[in-house]
Amino acid sequence: MSIDTTSAGAGPVGGADDITVEAEAPEAIAAPETIAELRRELGKVFLSGRTATLDWRETQLRGVIDLVQDNEAQLLDAMAKDLGKPAFEGWMTDLLTVRDEAKDALALVHKWVKPTRYKVPVIAQPAKAWTEPQPLGTVLIIAPWNYPIQLLLAPLVGALAAGNTVVLKPSELAPATAALLAELVPRYVDPKAVRVVLGGVEVSSELLAQPWDHVFYTGSTRVGRIVMEAAAKHLSPVTLELGGKSPTIIASDADLEVAARRVAWSKYLNAGQTCVAPDYVLVERAIADEFTDKVVEELARNRDKAPPTSIVNGTHLGRLEGLLENHGGHELMRRRVDPVARTFAPVVIVDPDPESEVMQEEIFGPILPIITVASIDDAIDFVNARPRPLALYVFTESKDTERRVLTRTTSGSVCVNHLVYQVATTMPFGGVGPSGMGGYHGKAGFDTFSHIKSVLRRPTKGDLKAAYPPYPRVVQKVIRKITRWPS
Ligand code: NAD
């Protein structure tokens with residue numbers, strides 16, 4: 001066991017003693033006591049009050065902005081190495097999103113920290129009542145590999161704006177990006193308050209054994225269960241940003257040209273390895289063939305004209321090939337798998353068996369099942385018969401259809417007539433039921449990492465003895481009267 005203690009170079013906050021645990025060398029995995037020590041140290045830093053001031057928070061948010069802006073080329077290279085991410089897409093999905101998240105928080109955090117006044121009921125008067133947000137303490141953020149910068153640093157923005165000390169655990173499946181972030185984070189963000197820990201499942205497990213003030217996890221539903229179970233031992237609160245099968249409903253009055261282009265774009269983006277990608281399509285029978293032809297055309301155009309993102313590793317490539325076995329549907333578009341470049345060309349499956357694996361498991365790749373339904377109500381029933389999705393999409397020109405889908409289905413988020421872009425806003429983002437719990441982005445990120453403390457203050461002057469037992473009858477009468485209790 002050895003601990004790699006790197007000293008950070010020059011940057012906005014200067015150098016320091018970051019502890020990193022090397023991803024690739026199993027012998028470099030930190031011993032439990034080391035991680036326990038790290039947790040204790042960050043707890044002490046939090047209690048010192050270092051992270052509480054507005055000034056500290058704003059400085060860190062500026063640091064996050066500078067981190068992604070100053071190191072654009074290096075960050076894009078690292079993601080290209082890990083995932084073959086095309087540069088413009090990587091910039092858009094991982095750098096711009098983080099920059100904008102941090103910019104928004106920087107502009108608004110001075111408002112978010114302000115107390116909120118509450119009305120005091122007559123029985124508790126005279127008094128002042130208010131809530132004030134307070135940082136939770138020391139929090140753990142665990143990120144996946146598919147948007148390895150965004151999904152680590154966007155939660156960090158909320159945690160910093162709220163004034164916490166933080167441990168960041170990037171995914172070992174994007175090792176070049178993880179190593180670069182471990183080097184950059186302590187140069188741009190207070191290294192005494194924010195640490196990056198590298199490593200695989202063993203390190204994640206050791207981290208999860210600690211008593212965190214909050215655990216923020218993004219990844220699969222399977223691991224989400226493990227995270228919640230580990231956190232339960234300490235009653236640590238959790239935010240779980242999970243996955244699942246996000247449906248897309250195409251109504252017969254939809255603009256099919258636009259719908260096909262947008263569905264194909266979002267399925268091709270990051271090779272379908274997007275938590276809010278359209279997992280499958282439910283299309284009304286009247287326009288099913290027309291939509292299918294158009295979406296195949298659009299997917300082929302993407303495949304032939306735009307560089308593909310790679311599938312993260314051989315295991316996932318094999319998993320996707322497995323999904324093409326025994327689906328019981330009609331396959332369109334030729335299978336093209338390159339095991340060396342780890343690329344997988346888009347495949348459309350028309351009317352697969354709803355019980356087949358491709359319709360049971362989250363696809364997380366460029367396979368698009370299209371299921372024909374008789375009506376919008378049938379599409380809604382199909383969605384409601386399955387676990388609540390992270391995202392739901394509907395293409396329609398009718399406000400009635402839109403309203404019917406919004407009212408009768410439950411999902412983490414909805415985008416009408418487009419896909420994925422709901423995530424690009426500062427609206428709260430998260431799942432519901434098996435697709436996750438809690439949310440972040442914008443103020444929701446600040447709230448997730450804050451405790452909203454209620455405070456009531458009463459003056460000591462004019463303390464009436466009659467307000468204490470044995471409550472004289474006349475006082476009881478007066479109180480009942482002023483509270484307007486029917487006599
Ligand atoms: P992953 O394998 O990179 O795992 C995510 C993190 O969990 C990693 O840091 C890893 O070290 C840790 N981990 C893995 N196994 C663990 C274990 N047994 N115990 C403790 N920690 C463990 O990523 P993934 O899970 O393959 O990510 C893909 C999934 O994430 C998909 O289901 C996708 O939908 C979901 N996802 C959700 C969101 C969202 O915002 N809701 C975003 C991206 C991905």
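Counting convention: from 1, in listed order, for ligands and their atoms alike.
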Subject >> salt bridge (charged side-chain N to carboxylate O under 4.0 Å, His left out): pairs with one or both residues in residues 92-105, sequence neighbours excluded >> reply: Lys85-Asp94
**OP:** Take the angle between the ring planes of Tyr421 and His418 and call it parallel below 30°, perpendicular above 60°, tilted in between.
**Re:** perpendicular
Side-chain donor/acceptor pairs under 3.5 Å, residues 144-158, sequence neighbours excluded:
{"from": "Asn146", "atom 1": "ND2", "to": "Gln273", "atom 2": "O", "distance (Å)": "3.1"}
{"from": "Tyr147", "atom 1": "OH", "to": "Thr274", "atom 2": "OG1", "distance (Å)": "2.5"}
{"from": "Gln150", "atom 1": "NE2", "to": "Thr93", "atom 2": "O", "distance (Å)": "2.7"}

**OP:** I would like to know whether Phe382 and Tyr280 meet ring-ring contact (aromatic ring centres under 6.0 Å, His included); could you show each step before the answer?
**Re:** CA-CA 12 Å; Phe382 191 97; Tyr280 63 92; 5.7 Å; yes
Original post:
Can you list the steps and then say if Tyr268 with Glu89 is a side chain to side chain donor-acceptor pair (under 3.5 Å)?
Top reply: CA-CA 11 Å; Tyr268 194 75; Glu89 282 184 6; over 6 Å; no
Original post:
What residues come within 4.0 Å of ligand 1, counting heavy atoms only?
Top reply: Ile142, Ala143, Pro144, Trp145, Asn146, Leu151, Lys169, Pro170, Ser171, Glu172, Leu173, Val201, Ser204, Leu208, Tyr217, Thr218, Gly219, Ser220, Val223, Ile226, Glu241, Leu242, Gly243, Cys275, Glu362, Phe364, Leu390, Phe429
**OP:** Not counting sequence neighbours, list each pair that qualifies as a salt bridge (charged side-chain N to carboxylate O under 4.0 Å, His left out) and has a residue in residues 381-395.
**Re:** Asp381-Arg408
